[in-house]
Amino acid sequence: MAYSSSKKNRAIAVRNNLSPFGNQLVQKGFIDGDKMQKALAESRKTGHSLIDVLESATGKQLPPDLLRQYKKHHLFELKVLYGVESADPEIETEKFSNNQMGELINSLIPLDLCRRYRLIPLYKKDGDNPILVVAMVDPENLEAQDDLNRILRPKGIGIERQVITQSDYQQLIDRFLDDQVKQETAKKQEVNVDVSLELDNFDFNLEEGEDELADDLGAANEAQAAPIITLVNKILAKALQDGVSDIHVEPQEEGLKIRYRKDGVLQQPFDRMPKKIIPAVIARFKIMAELDIAEKRLPQDGKIRRMFQGRKVDFRVNTLPSRYGEKVVLRILDNSATQLGLDKLISHEGTLEIVRDMAKRPFGIILVTGPTGSGKSTSLYSVLAERNSPDINICTAEDPIEYSLDGITQVQVIREKGMDFASILRAFLRQDPDVILVGETRDSETAKTAIEAALTGHLVLTTLHTNDAAGAIARLDEMGVEPFMISGALVGVLAQRLMRKVCSECRIAYNPTHEELARFGLSAAVGEEVIFYKAHKLDVEQLSQAKANGTLCSKCLGVGYKGRIGVYEVMRNSEKLQTLINEGANTDRIKETAVEEGMITILAYSLNLVKEGHTTLEEVERVTFTDSGLEAELKAKRKSGLVCRTCSAELLPEWLDCPYCMTPRF
């Protein structure tokens, strides 16, 4: 029987005219001939790896010997296709030295170029005419070759291209990034500052009068006392070492409370400090920010610049009179801690491609929306970093200037001298700019000037405070911008949020219930097991116990989350949307149309991150979940038959009826 079955499979393979690798799979009984043909067609149509398609179709993994055979066959095809030698890290291990590749990336070919063009330098052939051997997923990419020649030709170095598979490239670049992280971690551990605050042993005995009657001069003198200087410095240093974004110094009735905002959430790292030190600590912060110590009845803004571990760090300082004293909030502007580049921010390939395509437009306006602290400036500067080149004139108007980029003109807003966004923007138009960044559009004059600039041959980037992409249209309308000007100038809107990433070391896998999925507009196929993750958060008692037992997660330290990931919604202008804008359509209708045209909403994007294991449903609910956002998505999906009209469960293409409530698909 086994012989007969094998003979039948060989006959099917010959009849279907499969490749040698396909013949092997059929002959070994891994898949039948018809399914193999379908898998090949799906791989060509979707662009997905044939291996992924095969394993999905059969529900089992390819054996190692067949995987090796496939890779060998695939590399041979690539070699013939591109007419260059192929590179295989599994066989030619001497070519793929971590140290060698890392040195070449750090000294010759920048990492962002490697990631943009999916290439990696392997080694250099020395001699009279040195040659750099570069492995590329697409060796025929002319833009990549031009950029490589631009870097290497002045150094007298030629290029030898070799082809590499996408999966091998990804493994190599991941390996390099892992090495970089390990090296950075080792450096930080070497230079770590002792920021432990031993409050029990801290010298708070400052000579002063009654707390409420301490005069300004007394507070100023105390602010210079060594213990207070040490305390404030350690508060700042710990914030930088812990990677927080804001420091809140809050006088309370019982004492002084210090809180840090990390990954978008406020935490209290220290116990309350004695009430009697409040005036001295607040005065110290005001002295450092060069603010008026005597002025306690009005808010003040200032700036602190300090060196920390060899890098410059700015703190944007704001004071606010409150019931028990002035509250001080410091926003940390640490450029060195942020890597610019759209591919470092946007994880979804389709969304990344749309944003990059919009950024290449020669004129028009691109709006970036979201709440304070959602990463809008980082997104804008990532666009500028990718557009920045010697043949482009880029000008920015900002308040404050948060990043420093070589080759662009950056102007600080100074309202006291009449230099607001609108006046700076008008001045830019006489400076022959190609790309203009306006830090924030908050008034009618700035909005109209920015739109006019976009209509007269300039690419304008700016931010708005709206909840979603569609809401930007209504916001501009409220500012008095005519609908026909909006529809004519608008390239697109990028709405964004920042969401905490669940700790990959201690996250807890679980199967969500049907009700939990349905609440977010999700569902599982009948019999399908859905795996999501929860954060392993520890309360105070559990935290103490974990520390004592030595079981505390070294990555997140019991918080359950580590780092943040961007969530994006891109609404690209289209003929339909232009018509709706000109007609004065409301935000819901504009959003619904954008979703019908393929826009991935903030909610859908965040739920995809949950499915991929990057975050949790709790984070989705905290940051992005809204009934209106879900309803807009469901409306569009109901129209296209992607979800049930009754229970809103997701429907697979082959289902005629909903398996949960038996409602017909259409």
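The analysis underlying the following values was restricted to heavy atoms, covering all of them including side chains, and did not include hydrogens, waters or symmetry mates. Every value quoted in this text rests on a predicted model; they were computed, and no experiment measured them.
- Contact check for Leu333 versus Phe315: no side-chain heavy atoms found under the 4.5 Å cut-off.
- Looking only at distances, a side-chain donor or acceptor of Asn388 sits under 3.5 Å from a matching main-chain atom of Asp406.
- Residues passing the side-chain hydrogen bond (donor to acceptor under 3.5 Å, both in side chains) test with Glu569: none are found, sequence neighbours excluded.
- Heavy atoms of other residues, nucleotides or ligands lying less than 6.0 angstrom from CD of Glu478 number more than 12.
- In this structure, Ala450 and Ile365 approach most closely via the heavy-atom pair CB-CD1, 4.1 Å.
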List the steps and the verdict of salt bridge (charged side-chain N to carboxylate O under 4.0 Å, His left out) for Glu505 and Lys562. CA-CA 10 Å; Glu505 298 295 323; Lys562 179 67 175 178; over 6 Å; no
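- Heavy atoms of other residues, nucleotides or ligands lying less than 6.0 angstrom from NZ of Lys262 number more than 12.
- Considering OG1 of Thr319 and NZ of Lys296, their distance stands at 11.5 Å, rounded to 0.5 Å.
- In this structure, NE2 in His458 is found 9.5 Å from CG in Leu425, a value given to the nearest 0.5 Å.
- The ring-ring contact (aromatic ring centres under 6.0 Å, His included) search around Tyr260 returns Phe270, not counting sequence neighbours.
- Looking at Asn318, its side chain never comes within 3.5 Å of a backbone N or O of Val329 through a donor-acceptor pair.
- Applying the ring-ring contact (aromatic ring centres under 6.0 Å, His included) rule to pairs touching residues 540-573 yields Tyr568-Tyr605, sequence neighbours excluded.
- From Arg564, atom CZ reaches atom CZ of Arg497 across 12.5 Å, with rounding to the nearest 0.5 Å.
- How far CD of Glu445 is from CE of Met479: 12.5 Å, rounded to the nearest 0.5 Å.
- Proximity of Val313 to Ile332: side-chain heavy atoms (C-beta onward) are separated by under 4.5 Å at one or more points.
- With a 4.5 Å cut-off on side-chain heavy atoms, Thr409 and Gln431 do not count as touching.
- By the salt bridge (Lys or Arg N to Asp or Glu O under 4.0 Å) test, Glu452 is found to be paired with no residue, residues two or more places apart in sequence or in another chain being considered.
- Side-chain atoms of Ser382 never come within 3.5 Å of backbone atoms of Leu345 as a donor-acceptor pair (strictly under, hydrogens ignored).
- The closest side-chain heavy-atom distance from Leu490 to Ile473 is below 4.5 Å.
- For the salt bridge (Lys or Arg N to Asp or Glu O under 4.0 Å) with Arg415, the qualifying choice from Asp399, Asp420, Asp301 is Asp399, the only one to do so.
- Tyr381 meets the ring-ring contact (aromatic ring centres under 6.0 Å, His included) test with Tyr403; sequence neighbours excluded.
- Ion pairing between Lys303 and Asp314 holds under the 4.0 Å rule for side-chain N and carboxylate O.
- The two atoms that bring Thr396 and Phe428 nearest to each other are O-CZ, 3.3 Å, heavy atoms only.
- No side-chain donor-acceptor contact under 3.5 Å links Thr462 to the backbone of Leu367.
- When all heavy atoms of Gly560 and Cys556 are compared, the pair lying nearest together is N-SG, 3.3 Å.
- Annotation for Asn467: atom CG does not count as buried by contact number, only 12 or fewer foreign heavy atoms lying within 6.0 Å.
- The backbone N or O of Leu464 sits nowhere less than 3.5 Å from a side-chain atom of Arg475 that would complete a donor-acceptor pair.
- Using a 4.5 Å cut-off on side-chain heavy atoms (C-beta onward), Val570 and Ile600 make no contact.
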Do Glu398 and Leu380 pass the side chain to side chain contact (heavy atoms under 4.5 Å, CB included) test, and can you show the C-alpha distance, the side-chain angles, and the key distance before you say yes or no? CA-CA 12 Å; Glu398 304 171 69; Leu380 287 172; over 6 Å; no
Using the side chain to side chain contact (heavy atoms under 4.5 Å, CB included) rule, take Leu231 and Ile235 through it: C-alpha gap first, then chi angles, then the decisive distance, then the call. CA-CA 6 Å; Leu231 174 63; Ile235 290 170; 4.1 Å; yes
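- Counting heavy atoms from C-beta outward, Met273 and Val281 have side chains that stay 4.5 Å or more apart.
- One distance of note links NZ of Lys534 with CZ of Arg507; it measures 15.0 Å at 0.5 Å rounding.
- Taking the side chain as every heavy atom from C-beta outward, Thr601 and Lys591 approach each other to under 4.5 Å.
- Formation of a donor-acceptor pair under 3.5 Å by the Thr615 side chain with backbone atoms of Arg500 is found in this model.
- Panel note: side chain Ser544, backbone Val540; a donor-acceptor pair is recorded below 3.5 Å.
- No donor-acceptor distance shorter than 3.5 angstrom exists from the side chain of Glu250 to the backbone of Ile258, with no hydrogens or angles considered.
- At least one donor-acceptor pair under 3.5 Å links the side chain of Asn549 to the backbone N or O of Gln545.
- Heavy-atom neighbours of Lys555 NZ from other residues, nucleotides or ligands within 6.0 Å: above the threshold of 12.
- The shortest non-hydrogen separation linking Thr466 to Asp468 is OG1-O, 3.0 Å.
- With sequence neighbours excluded, the residues satisfying side-chain hydrogen bond (donor to acceptor under 3.5 Å, both in side chains) with Asp443 are Thr446.
- The CD atom of Glu440 sits 6.0 Å away from atom CZ of Phe421, with the distance rounded to the nearest 0.5 Å.
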Side chain to side chain contact (heavy atoms under 4.5 Å, CB included) evaluation trace for Ile282 with Val249: CA-CA 8 Å; Ile282 301 301; Val249 183; 3.9 Å; yes
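- Side-chain atoms of Glu619 never come within 3.5 Å of backbone atoms of Glu621 as a donor-acceptor pair (strictly under, hydrogens ignored).
- What you find for Gln496 and Ser379 is that their closest heavy atoms are OE1-OG, 2.7 Å.
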Run Asn573 and Val491 through side chain to side chain contact (heavy atoms under 4.5 Å, CB included) and show every step you take. CA-CA 6 Å; Asn573 203 2; Val491 175; over 6 Å; no
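- Contact record, Lys275 with Glu254: CB-O, 4.4 Å, taken as the closest heavy-atom pair.
- Atom CD of Glu516 has more than 12 neighbouring heavy atoms from other residues, nucleotides or ligands inside a 6.0 Å radius.
- Here the side chains of Val244 and Arg261 are not in contact, with every heavy-atom distance at 4.5 Å or above.
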